[in-house]
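A short worksheet on the structure shown next.
First listed ligand is number 1; within each ligand, the first listed atom is number 1.
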Amino acid sequence: MNVVVVGGGIAGLVAAHALRSHGASVTLVEGSDRLGGKIATERIDGFLVERGPDAILAAHPGAKWLAAELAMADELIAPEPPGGVFVYHDERLVPMPEGVGFGVPTRFLPFLASSLFSPREKLRAALEVFVPRGTVDGDESIGAFLRRRLGDAVVDRLAGPLIGGVYGASVDELSLMALVPRLRDAVRANGSLVLAGARAHLRGARPADAALLAPARGMESIVDALVARLAGVDVCLGVPVTRVTRDGARYSVALDGIHAIGDALVIATPAPVAAALLEDLAPAASAALRAFPYRGTASVSLGYAADQLGAPLQGHGFIVPEGALAMAACTWSSAKWRGRAPAGAFMLRATIRDGRVLARDDRSLIATAHEQLARVMRISGAPAMAHVARWPAAMPRYTIGHLDRVRAVDAAISHHPRLALVGAAYRGSGVPDCVAQGSAAATRLMEMEGVAA
Ligand SMILES: Cc1cc2nc3c(=O)[nH]c(=O)nc-3n(C[C@H](O)[C@H](O)[C@H](O)COP(=O)(O)OP(=O)(O)OC[C@H]3O[C@@H](n4cnc5c(N)ncnc54)[C@H](O)[C@@H]3O)c2cc1C
């Protein structure tokens, strides 16, 4: 079988590798001059700067696929001790209470002892055990669900910045059913989130979502390992695909003046690009794909000498309630991961998603991030290294109705069994989700050929 894969981010790379390893003849077409998409690592003056993702969820099957298939298990490192995340509250950093799983406090004593909430707010959260299970069957926002159960304070100071930070949007617009249906399942099964969490804690379960891993040499070593395994794949770089048509039973992909022909086609680009590519071939799918919302983000990485900081970093960073600072969160990269800063230095990475802040130029973004970090963390002097990675309209937002939008696209391409759409827009936006989608698409297409994958 000949397969054309459009898009050389992690989803497209995994699909190309998996298809090739099962005997398909593969052409991988990437619009930019490099492979990896959002995964990009830079070394600047001894600092290891991640432009995009900096870690993967260890428990995800996609992460296990990477470790096994790319023989990377020895390269993956765990976060450095001591862990712990702070919350920016009342102009200072307050430790997040222990035992918070997906923004939900699951351990009574640390929650009661936390200075993050007033006694009244704690009481409101504790009353969650009496909130009726609810009758909403369709989708709703994570924010609406959690506000009803735990009150506004827990959502605004914990769940909002935590979940919104991971998925790049406000919890008041993010889809409960697409992202955390297990929260509703927990209420249906236990009557209460707090009780469900407490029971899980007593059984010895720890929040699996918290267990992260990262390659010691940075996320791009995942891309390097995949690229090293692409022998036999015809890789075309710097050729943005503009159109996909049907040539009899085969797909024809228009490149710069030439055409790549495949019996099957994997589109692994962001949804708006997929929408444009499918305009002629599958107009209904194209229209459905245009409804997928995106948002921009930027990472500002700042490096300092250790003696610029009043006290050593004791934790992995802090999250920020919406609108309280220009940044939505700050990862203390060099305290969280070894090898991110040269000896005697440390590195911080601020995530900026506020559209008004993103509109400013790089100098202003750096100045704002530095000023706010200097104030909050008592840093003296200017950064020795500053780097801005911008991702305009790059983060798919899984807002309410996301699953319906994905179903609409699936229905619209159901008469194209040899066409697969994979990547961050559809069935999970994390790197391991994209890995799983690329691998699953390859398996499905090979099974259609009668090849056991
Ligand atoms: C700042 C940031 C931080 C993140 N942090 C994390 C994290 O810590 N952990 C985590 O798991 N995930 C994280 N993510 C999410 C994750 O990195 C992405 O969702 C994932 O890498 C997307 O992979 P993809 O293959 O779907 O798409 P992409 O990486 O976007 O790849 C798509 C590819 O298609 C190419 N393309 C586009 N148009 C065309 C065309 N016309 N023709 C040919 N090629 C085209 C692009 O150039 C690109 O290479 C983060 C994302 C960002 C932006």
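A salt bridge is absent between D247 and R250; no separation between the charged side-chain nitrogens and carboxylate oxygens falls under 4.0 Å.
Counted by atom type alone, T399 and R405 present one or more donor-acceptor pairs between their side chains at under 3.5 Å. For the residue pair E30 / S32, a side-chain donor-acceptor distance below 3.5 Å is found, with atom types taken as modelled. Using a 3.5 Å distance cut-off with no hydrogens or angles, the side chains of T245 and D280 do not pair a donor with an acceptor.
Here is the list of ligand 1 atoms found below 4.0 Å of a heavy atom in M395: 51 (C), 52 (C), 53 (C). Close approach of ligand 1 to A11 is summarised as follows: ligand atoms under 4.0 Å from at least one heavy atom of the residue are 25 (O). For ligand 1, the atoms lying closer than 4.0 Å to a non-hydrogen atom of G430 are 10 (C), 11 (O), 12 (N). Against a heavy-atom cut-off of under 4.0 Å, V431 is close to the following atoms of ligand 1: 10 (C), 11 (O), 12 (N), 16 (C), 17 (O). Near G9, meaning under 4.0 Å from any of its heavy atoms, are these atoms of ligand 1: 25 (O), 29 (O), 31 (O), 33 (C), 49 (O). Within ligand 1, the atoms closer than 4.0 Å to a non-hydrogen atom of V29 are 43 (C), 44 (N), numbered from 1 in the order shown. Near G37, meaning under 4.0 Å from one of its heavy atoms, ligand 1 places the atoms 29 (O), 31 (O), 48 (C), 49 (O). Using a 4.0 Å cut-off to heavy atoms of A424, the atoms of ligand 1 that qualify are 19 (O), 22 (C), 26 (O).
Only one option out of L13, L19, I267 pairs with V5 in a side chain to side chain contact (heavy atoms under 4.5 Å, CB included); it is L19.
Close N/O approach between S429 and ligand 1 is found [any backbone or side-chain N/O within under 3.5 Å]. Considering both main-chain and side-chain atoms, S299 never comes within under 3.5 Å of ligand 1 through any nitrogen or oxygen pair. Of the N or O atoms in G31, one or more lie within a sub-3.5 Å distance of an N or O in ligand 1. In terms of N/O distances under 3.5 Å, ligand 1 is not approached by P432. Residue-to-ligand polar distances keep T297 apart from ligand 1: every N/O pair is separated by 3.5 Å or more. Residue R51 has no nitrogen or oxygen atom sitting less than 3.5 Å from a nitrogen or oxygen atom of ligand 1, judged on distance alone.
Taking atom 9 (N) of ligand 1 as the reference point, the nearest protein heavy-atom neighbour is A55 O, 2.7 Å. The protein atom (non-hydrogen) at minimum distance from atom 46 (C) of ligand 1 is E30 OE2, 3.5 Å. Looking at atom 34 (O) of ligand 1, its nearest protein heavy atom turns out to be G7 CA, 3.4 Å.
Contact check for R340 versus R349: no side-chain heavy atoms found under the 4.5 Å cut-off. Annotation: side chain of V3 is in contact with side chain of V266 (closest heavy-atom distance under 4.5 Å). I77 places none of its side-chain heavy atoms less than 4.5 Å from the side chain of L213.
Under the 6.0 Å distance and 45° angle rule, R246 counts as a cation-pi partner of Y251.
Counting heavy-atom neighbours within 6.0 Å of R107 CZ, excluding the residue itself, gives a total above 12. Around atom CZ of R390, more than 12 heavy atoms belonging to other residues, nucleotides or ligands sit under 6.0 Å away.
Residue contacts with ligand 1 for A268 involve N, CA, C or O but no side-chain atom from C-beta outward (heavy atoms, distance under 4.0 Å). Looking at V241 against ligand 1, both its backbone and its side chain come within 4.0 Å, counting heavy atoms.
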